[in-house]
Amino acid sequence: NVFLNYSSYLRSLKSSLNHKMNDQEAIVLLKSDSHEAFEYLYKVYGGQVYNFSKLYINSSEDIKEVVQEVFVKLWEARSFLREDENFRGFLFIVTRNLIFNFYKLSVLRAYEQSNIDSYNIEEELQAKELNNYIDKIIEELPPKQQEIFILSRKENLSHKEIAELLNISERTVEVHIARAIRHIKS
């Protein structure tokens, strides 16, 4: 029976974990969800993937992330692996692709950040220009209107607080503010 032969082959491979395993044996076991085979491949190739990534990436944290992602991809693709193909070549192609993706993402993040920074600077400049323009218009108001408007909008006092401070009615405060706003809008 083919299944029994394959099962006994897997058992013999698992028992071979106690001695030196080769890549082909590890891949066969990995395809049957063997964590031991995965650990073996990680121990054999983890440092090599790390050193290869180090050629292209400076941050050790980023390198560790790439190594981790390579082995996550290995685990996810384990059922598609072929023990008769060059496993080392496969692993380094995956690593290379992840490094390229890493670069693409970092360039994209830098581009987005530069756009956000320039957008914020533009917004700040526009806000500052608008504020200066409004200040000039406020200077054109009659002195009492100007004082009431500044107390309301820049000092954030309520109509009641302004009325008490200036010893005038709240209605007078409302009228002055309404006229000031009309003047600013015109």
Practice item. Inspect the contact between Asp33 and Arg78 and indicate whether a charged nitrogen and a carboxylate oxygen are less than 4.0 angstrom apart. Key: yes

**Study point:** Minimum heavy-atom distance between Ser169 and Ala163, given as atom pair plus value
**Key:** C-CB, 3.8 Å

Check your understanding: Are any side-chain N or O atoms of Glu170 and backbone N or O atoms of His159, one a donor and one an acceptor, separated by less than 3.5 Å?
Key -> no

Check your understanding: Does a side-chain heavy-atom distance below 4.5 Å link Leu166 with Val173?
Key -> no

**Study point:** Over 12 non-hydrogen atoms of neighbours within 6.0 angstrom of CD in Glu65
**Key:** no

Practice item. Measure the shortest side-chain to side-chain distance between Lys43 and Phe38 over non-hydrogen atoms and say whether it is less than 4.5 angstrom. Key: no

Review point. Is the CG atom of Asn132 crowded by more than 12 outside heavy atoms at less than 6.0 Å?
Key: yes

Check your understanding: Just by modelled atom types, is the Val44 backbone N or O under 3.5 Å from a matching donor or acceptor in the Gln48 side chain?
Key -> yes

Review point. Hey, are Glu139 and Lys136 close enough for a salt bridge, meaning a charged N less than 4.0 Å from a carboxylate O?
Key: no

Study note, to complete from the structure: salt bridge (charged side-chain N to carboxylate O under 4.0 Å, His left out) pairs touching residues 51-61, sequence neighbours excluded, are Glu61-Lys64

**Study point:** Glu147 side chain to Lys144 backbone, donor-acceptor under 3.5 Å
**Key:** no

Check your understanding: If Ile, Leu, Val, Met, Phe, Trp and Tyr residues are connected whenever their side-chain heavy atoms lie under 4.5 Å apart, and connections chain through other members, are Phe80 and Ile93 in the same group?
Key -> no

Check your understanding: Roughly how far, to the nearest 0.5 Å, is the CD1 atom of Ile148 from the NE2 atom of His176?
Key -> 4.0 Å

Practice item. Rounded to the nearest 0.5 Å, what's the gap from CG on Leu165 to CD on Glu161? Could you check? Key: 9.0 Å

Check your understanding: Hey, quick one: are Trp75 and Ile27 part of the same hydrophobic cluster, counting side-chain heavy atoms closer than 4.5 Å, chains of contacts allowed?
Key -> yes

Revision key, fill the gap. Rounded to the nearest 0.5 Å, the CG atom of Asp62 sits from the CD1 atom of Ile99 at a distance of 11.0 Å

Exercise for review: Drop me the distance from Ile137's CD1 to Phe149's CZ, to the nearest 0.5 angstrom.
Suggested key: 9.5 Å

Point to revise | Pair Phe71 and Tyr45, ring centroids less than 6.0 Å apart | key: no

Check your understanding: In Å and rounded to the nearest 0.5 Å, what is the CG to CZ distance from Asn101 to Arg96?
Key -> 10.5 Å

Check your understanding: Are side-chain heavy atoms of Val67 and Tyr42 found at a separation under 4.5 Å?
Key -> yes

Exercise for review: Tell me, with the steps shown, if Glu83 and Lys31 meet side chain to side chain contact (heavy atoms under 4.5 Å, CB included).
Suggested key: CA-CA 9 Å; Glu83 56 273 5; Lys31 289 170 74 171; 3.5 Å; yes

Practice item. Please tell me if the side chains of Ile162 and Ser152 come closer than 4.5 Å, counting only heavy atoms from C-beta onward. Key: yes

Point to revise | Full working for side chain to side chain contact (heavy atoms under 4.5 Å, CB included) between His183 and Ile138 | key: CA-CA 9 Å; His183 178 73; Ile138 291 171; over 6 Å; no

Revision key, fill the gap. Correct closest heavy-atom pair for Ala26 and Ala37 would be O-CB, 3.3 Å

Check your understanding: Mind checking whether Glu36 and Leu29 have side chains closer than 4.5 Å, heavy atoms only?
Key -> no

Check your understanding: OH of Tyr50: more than 12 outside heavy atoms within 6.0 angstrom?
Key -> yes

Exercise for review: For the residue pair Asp23 and Asn86, establish whether any side-chain heavy-atom pair is separated by less than 4.5 Å.
Suggested key: no

Exercise for review: Find the distance between CZ (Phe92) and OG1 (Thr95) and round it off to the nearest 0.5 Å.
Suggested key: 6.0 Å

Review point. Are there more than 12 heavy atoms of other residues, nucleotides or ligands under 6.0 Å from atom CD of Gln68?
Key: no

Check your understanding: Sub-3.5 Å donor-acceptor pair from the side chain of Ser34 to the main-chain atoms of Leu30, do we have one?
Key -> no

